[in-house]
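Just below is one structure, and these are the notes that go with it.
Just so we're on the same page: letters track the sequence lines, and every chain starts at 1. Note that the structure is a prediction, hence the values are computed from the model and not measured.
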Amino acid sequence: MQPRLFPGDEQPAPPTPAAISTEVLNPAQYAAVTHGSGPLLVIAGAGSGKTRTLVFRMAHLLEQDVPPESILLLTFTRRAAQEMLWRAGQLTGQSCRRVMGGTFHATANILLRQYGHHLGLGSGFTIIDRGDAEGIINLLKSSLGMSGAGKRFPSKRVVLNLISGAINKATTIDDLVFRESIHLAEFIQDFHTISDHYRQFKRDHGLLDYDDLLVFWRQLLAESDRAREELSSRFQHILVDEYQDTNQLQAEIVRLLASHHGNVMAVGDDAQSIYSFRGADFHNIMRFADQFPGTRIVKLEENYRSTQPILQLTNAIIANAEQKYAKTLFTSTEGGSRPLLVAAANEAAEARYVADVIEERRRAGVALDEIAVLFRSGFHSFKLEIELASRGLEFDKRGGLKLTESAHIKDLLAFFRVLINPWDNLSWNRILLQLEKVGPKTVQKILAAIRDADDPLAALAAYRPAPGWKAQFERLTDTLRRLGLPDQAPADQFDLVMTYYEPVFEKMYYDDYPRRRKELDQVRVLISGYGDLQAFVDDTALDPPDVGAADALGGEDEQRLILSTIHSAKGLEWDTVLVIGLADGRFPHQNAQPGEQYEEERRLLYVAATRAKRELYLTYPKELVTPDRQHLRCAMSPFLREISPGLYNRVERAGAITQPLTSDYPIDLPPPKPRTSVPTAPGEYAEGMRVSHAFFGLGRVASLPGPRRVEVVFDRHGSKILHLDYARLEIVG
DNA sequence: AGAACTATGTTTTTT
DNA sequence: ACATAGTTCT
């Protein structure tokens, strides 16, 4: 198989092809990051051009006639790799086609398909992502004989954690126990049962999750001497971006890859580590020098992105961090206005204010795609999305739901996945469930019949359907037979699937199939860019396109406002940035526990604020509506409260309110329901108090383990940790 | 019994 | 928008 690369020049130019300037480094720094060999660590603050140092290094190597195929570039997103390769190409005038560049996971995928035989790992595997959780749960439940029974296990959250690899974190079990409100001992036992089954399940069906890709890659390097020799002589130069976001496995892979020659350059900023929930460990960056003796360290502290007032505020945010590499960013950029801190009456007022600012900035001549609105969680922008839509402002939303996570896209992908890997029961499950009159039980029977066949497709064709669904079943097997014929372009296979799937689909999603149909058309555009299905299926799991991006791909690429979660905004910058929802309880996230989690939330705010080049707005609503329609007052985020008010200008009650406030409260709203529980300030519960729970019965409060949580020892059900936002708890006497 | 339908509840962040 | 629980239909 031809190695599949991530060439910069096969892709369209990045959206902001601004000429790359070497001025961000002084001559000494430039020499330090480009010349010489051996391990090199660049510790750099936000906006200091750290990614550019990697581009310079790569360009320098190419100019020294280092063969491009001996360079391996590892980045956090594929987009970042593409942009860096493109820029290095611009600098050198050379093609960077043959540089291997991409995320750890995508690179692992390529290498495992090339070298997998060293591990006895065939190339017939499918990569699963969190969109597969639902199917995995169903199949696990039936294999555990739990179908219908307990709703608790395997819960989606547990399976999501298993898939995304966060399971490597020691804290995971504690974290899950909190959320599931379950007794620890039972939970751990069930948890181990589930993870054992999950492992076996993946093995049986040729599925690899995110962690497996890295585990196998490390295994390849650690256990096969020949593979390690081959790989480390193939890649003489390793370049790693965003090193603070690597996990243990990734750090180990870098170490093994570079163990022969030590030519590794890593770049990162410990203050921007925001992925520990996924297993990232910013201590990796601190340990780098120990792992690679003779490491040269370069510190970049000058910020070229933001104006002085913005920088002063961001420095203040991070100054309160408990643990950090001491680093104070400075800029020689003069002028700039102070960031604005805006308190709005409620979420609707906040949304109106934000939309007003956007319109005003546009009138001032700022391009729409130079403005971004950032927030902690995907749903925090819902109100704003409505407001923007009503004003006719188009936007791209990043983060939140991915295109490949919607049900109809998953359905479609399932067909391609069984073509590539006919033992992928997860996808069979999805396809067969689409048949009318066929439910989970019948699917189990069919799967049992084809599971051990050498040719599952033939076995399926030979299956005897019940009369009720015979006709549709035969259409299915016929479609599958024609899909398997050789020499078809992916786009043709797409059309073939659609002739079968379209009627099914229109029936299943009768209420909104035109909208979904549009998204399927976008998938056709995506798929026609691929030479083979394998590549397409891998890419959708490793780097799922988001809805907005696919939209832009299908239509005209006009400038659009960006709405993004802070996590998805990493590494990007805009002229004007508005960070919304900075209210206590929203930011930091209410589940964030004191200590490391809380500190990560602080770094998250730091990342958000440092995205701004010239204008920064921080907004929060003074009132939030709870799920049961109660209006709760809320304060500003504690991260903002601890900052000296001299660093920002304050706007009380946002600008032009275009509608009377009452419009936020529909008049026909029923009065708030009296709650059966006593939802309360945590302070109301105290140790020793007698309480009653709708399901668990009577018990006694044993402790208050965290905000909004109580541990109760129930007379009949033992000890439980309950979350007061959900639990229906009443104080008795 | 199993499939299909209806009502209700929930949603951190993601390669 | 989706998952789940409970209910009704075949």
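Here B/dA3 is the nucleotide among B/dT14, B/dT15, B/dA3 with the atom lying nearest to any side-chain atom of A/Lys441.
Between A/Phe639 and A/Phe587, the ring planes are perpendicular. Angles over 60° get that label, and only those under 30° would be called parallel.
Stacking between A/Phe277 and the base of B/dT13 is present: ring centres sit under 5.5 Å apart and the planes differ by under 30 degrees. Residue-nucleotide stacking is present for A/Tyr210 and B/dT15, judged by a side-chain ring centre under 5.5 Å from the six-membered base ring centre and planes under 30° apart.
Contacts of A/Phe104 with the nucleic acid, taken as non-hydrogen atoms under 4.0 Å apart, are absent. Contacts of A/Glu436 with the nucleic acid, taken as non-hydrogen atoms under 4.0 Å apart, involve only primed sugar atoms and P, OP1 or OP2.
In this structure, the CZ atom of A/Arg602 is 18 Å from the C1' atom of B/dT13, given to the nearest Å.
Scanning for side-chain hydrogen bond (donor to acceptor under 3.5 Å, both in side chains) contacts around A/Asp212 gives A/Lys202, with sequence neighbours left out. A search for ring pair (Phe, Tyr, Trp, His ring centres under 6.0 Å) contacts involving A/Phe536 returns A/Tyr530, not counting sequence neighbours.
Neither OP1 nor OP2 of B/dT11 sits under 4.0 Å from any side-chain N or O of A/Ser377. Between B/dT14 and A/Thr565, a contact under 4.0 Å exists linking OP1 or OP2 to a side-chain N or O.
Using a 3.5 Å distance cut-off with no hydrogens or angles, the side chains of A/Asp411 and A/Tyr501 do pair a donor with an acceptor.
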